[in-house]
There are 2 protein chains.
Amino acid sequence: MNIGQAANASGVSAKMIRYYEATGLIPAASRTDAGYRNYTENDVHVLRFVRRARDLGFSVAEIDGLLQLWRNRRRRSADVKRIALGHIEDLRQRIADMQEMAGTLQQLVMGCSGDDRPDCPILADLEQPSAAAAGEPKRRRGAVDEPGVRKRKTPRR
Amino acid sequence: MNIGQAANASGVSAKMIRYYEATGLIPAASRTDAGYRNYTENDVHVLRFVRRARDLGFSVAEIDGLLQLWRNRRRRSADVKRIALGHIEDLRQRIADMQEMAGTLQQLVMGCSGDDRPDCPILADLEQPSAAAAGEPKRRRGAVDEPGVRKRKTPRR
DNA sequence: CCTTGACCTTCCAACGATGGCAAGGTCCAT
DNA sequence: ATGGACCTTGCCATCGTTGGAAGGTCAAGG
């Protein structure tokens with residue numbers, strides 16, 4: 001089976017199949033004399049596994065762990081469950097963050113006349129976050145502190 | 001005010017301030033003789049606006065639009081509202097997608113013993129999505145169709 | 001005056017997952 | 001033999017953000 005057929009059969013694009021191979025998520029496919037990648041039904045099975053896991057929002061790194069457990073007949077289901085629970089927790093956190101954003105915006109939007117006049121509580125809040133709309137200071141995903149203000153012995157002029 | 005002080009005062013990292021300047025989101029700051037960027041209280045005000053908008057999940061492109069409206073005293077609040085509503089819709093869609101993922105996973109996790117045994121419905125579902133857990137086929141954010149299967153007049157051997 | 005260290009500058013690379021395009025080789029039916 | 005669908009590799013773009021390197025500046029303290 002060629003890569004295009006494997007792509008059709010698995011729902012993973014040919015591009016991504018090559019990418020997964022290059023990054024080591026899946027083993028390198030065998031090649032024909034002409035250099036074409038060759039796939040078996042089993043390979044497609046693996047690809048479908050990957051596809052499904054992506055659909056469930058697992059990162060490629062997580063899928064790597066899941067694939068190893070999948071292949072390991074002596075795995076402990078606890079390990080699988082841990083990965084899944086961690087991912088659920090991640091999803092819940094992101095959902096909560098986005099719900100808070102949406103809720104705040106909804107509040108602001110409701111106060112906006114949405115006509116030809118310039119006055120708008122949305123812009124007003126962006127300018128000076130109101131206590132009501134600001135909520136607890138949240139950290140965006142992946143955001144990390146700056147190196148921190150290193151102290152100067154005497155204040156800057 | 002130096003960039004570091006503007007960063008501290010606005011909550012936007014110095015790195016990002018330079019980035020926003022380079023991409024044209026904010027105007028280029030004036031410079032000292034030595035080439036240091038110089039910021040005013042008003043610049044910090046703009047940066048806080050940007051920061052707040054990022055916290056609410058607006059993309060940089062959307063913030064660009066919001067900033068222009070903010071600066072325009074003859075803006076129509078309807079334009080602001082439209083951007084906000086579009087963003088809310090986007091958030092809701094993503095929330096729904098993630099909730100579905102989390103729900104499916106929660107189902108699977110509940111069926112997993114999470115002990116030393118290898119049997120695990122989570123892996124089983126990844127292998128062969130069950131109708132119950134599969135749901136309607138959803139499209140991941142940004143996912144786009146492959147070029148499509150171009151038809152071969154006769155089937156491949 | 002010189003050193004130190006905190007700060008600033010620019011430039012380049014990386015992340016994650018995916019798509020797009022280009023230049024070239026292969027396979028197969030007509 | 002020709003055409004066209006397919007394959008190959010490789011590089012670029014996305015998006016927002018961080019990290020680092022190499023080097024210049026500034027102020028305080030010895």
Side-chain angles (χ1 to χ4, degrees), chain A residues 1-8 11-26 28-39 50-51 53-55 57-64 90 139-157, chain B residues 1-8 11-26 28-39 50-51 53-64 90 94 139-157:
Chain A
M1 209 190 313
N2 279 341
I3 196 170
Q5 296 169 304
N8 277 331
V12 179
S13 74
K15 206 68 167 164
M16 291 313 297
I17 295 176
R18 296 194 195 98
Y19 172 74
Y20 292 148
E21 176 182 315
T23 58
L25 179 68
I26 57 175
S30 61
R31 303 287 188 124
T32 67
D33 289 350
Y36 281 25
R37 288 178 182 76
N38 214 309
Y39 295 89
V50 174
R51 171 70 149 94
R54 288 295 299 140
D55 283 350
F58 286 101
S59 69
V60 170
E62 285 166 330
I63 296 174
D64 193 37
D90 187 32
R139 187 164 298 274
R140 286 189 307 284
R141 282 243 304 168
V144 160
D145 275 337
E146 277 272 280
V149 186
R150 296 183 292 256
K151 276 166 203 117
R152 191 173 281 278
K153 289 163 198 158
T154 47
R156 189 168 283 269
R157 58 177 158 107
Chain B
M1 208 191 315
N2 279 342
I3 196 171
Q5 297 169 302
N8 276 331
V12 179
S13 75
K15 272 289 212 220
M16 292 312 298
I17 296 177
R18 295 193 196 97
Y19 171 75
Y20 291 147
E21 175 181 317
T23 58
L25 180 66
I26 57 176
S30 61
R31 303 286 188 126
T32 67
D33 288 351
Y36 282 24
R37 287 178 183 77
N38 214 310
Y39 294 90
V50 173
R51 172 72 150 92
R54 289 294 299 143
D55 283 350
L56 287 174
F58 286 100
S59 69
V60 171
E62 285 168 330
I63 296 174
D64 193 37
D90 187 32
R94 286 155 58 188
R139 185 166 298 273
R140 288 190 305 286
R141 281 245 303 169
V144 162
D145 276 335
E146 277 273 282
V149 187
R150 296 186 289 262
K151 277 168 205 115
R152 191 172 280 277
K153 287 163 201 159
T154 48
R156 189 168 284 269
R157 57 178 160 107

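Chain naming here is simple, since letters A, B, ... match the order of the sequence lines and numbering starts at 1 in each. The shown structure was predicted, so the numbers you read here are calculated from the model rather than taken from an experiment.
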In whole angstrom, give the distance that lies between atom [atom1] of [X] and atom [atom2] of [N].
X       : N      : atom1 : atom2 : answer
A/Asp64 : C/dA17 : CG    : P     : 11 Å
B/Ile63 : D/dC15 : CD1   : P     : 13 Å
B/Ile17 : D/dG16 : CD1   : P     : 17 Å
B/Asn2  : D/dT25 : CG    : P     : 14 Å
B/Met16 : C/dT10 : CE    : P     : 15 Å
A/Asn8  : D/dC7  : CG    : C1'   : 14 Å
B/Arg94 : D/dC15 : CZ    : C1'   : 12 Å
A/Asp33 : D/dT8  : CG    : P     : 14 Å

| query | If you look at every heavy atom in A/Tyr39 and A/Ile17, which pair is closest and at what distance? | reply |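 Heavy atoms only, the tightest pair is OH-CG2, 3.3 Å.
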
Taking the side chain of [X] as its heavy atoms from C-beta onward, which of [options] lies nearest to it?
X       : options                : value
A/Ala34 : D/dT18, C/dT10, C/dC27 : C/dC27
B/Arg31 : C/dT18, C/dT10, D/dC7  : C/dT10
B/Arg54 : D/dT9, D/dT17, C/dC27  : D/dT17
A/Tyr36 : C/dT26, C/dT9, C/dA17  : C/dT26
A/Ile3  : D/dG16, C/dA17, D/dC7  : D/dC7

| CD1/B/Ile63 to CD1/B/Ile26 distance, rounded to the nearest 0.5 angstrom? |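 Between B/Ile63 CD1 and B/Ile26 CD1, I get 11.0 Å after rounding to 0.5 Å.
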
| request: Drop me the distance from A/Met16's CE to A/Thr23's OG1, to the nearest 0.5 angstrom. | output: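 One finds 7.5 Å between CE of A/Met16 and OG1 of A/Thr23.
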
| With sugar-phosphate meaning primed atoms plus P, OP1 and OP2, does B/Thr32 contact a base, only sugar-phosphate, or nothing at under 4.0 Å between heavy atoms? |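 Nothing: the residue B/Thr32, judged by heavy atoms under 4.0 Å, touches no strand.
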
| query | So what does A/Arg37 hit on the nucleic acid, given a heavy-atom distance under 4.0 Å: a base, only sugar-phosphate, or nothing? | reply |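 Sugar-phosphate: the residue A/Arg37, judged by heavy atoms under 4.0 Å, touches backbone atoms but no base.
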
| said: Quiz question: going by heavy-atom distance under 3.5 Å, is there a donor-acceptor pair between the base of D/dG16 and the side chain of B/Tyr20? | reply: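 Between D/dG16 and B/Tyr20, which were checked side chain against base, a qualifying N/O pair under 3.5 Å is absent.
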
| If you take atom types as modelled and just measure distance, does the side chain of B/Lys15 reach the base of D/dG16 with a donor-acceptor pair under 3.5 Å? |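 It does not, because no donor-acceptor pair links the side chain of B/Lys15 to the base of D/dG16 below 3.5 Å.
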
| said: If you assign B/Tyr19 and A/Asn38 each to the DNA chain D nucleotide with the nearest heavy atom, which residue ends up on the more 5' nucleotide? | reply: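 Whichever sits nearer the 5' end wins; that is A/Asn38.
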
| field | Side chain B/Asn38, main chain B/Arg31, donor-acceptor under 3.5 Å | value |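 Between the backbone of B/Arg31 and the side chain of B/Asn38 there is no qualifying donor-acceptor contact (under 3.5 Å).
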
| Is there a donor-acceptor contact under 3.5 Å from the side chain of B/Arg51 to the main chain of B/Gly11? |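 A pair under 3.5 Å: yes.
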
| message | At less than 4.0 Å, is any side-chain N or O atom of A/Ser13 found next to OP1 or OP2 of C/dG19? Yes or no. | response |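 Checking A/Ser13 against C/dG19: at least one side-chain N or O falls below 4.0 Å of OP1 or OP2.
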
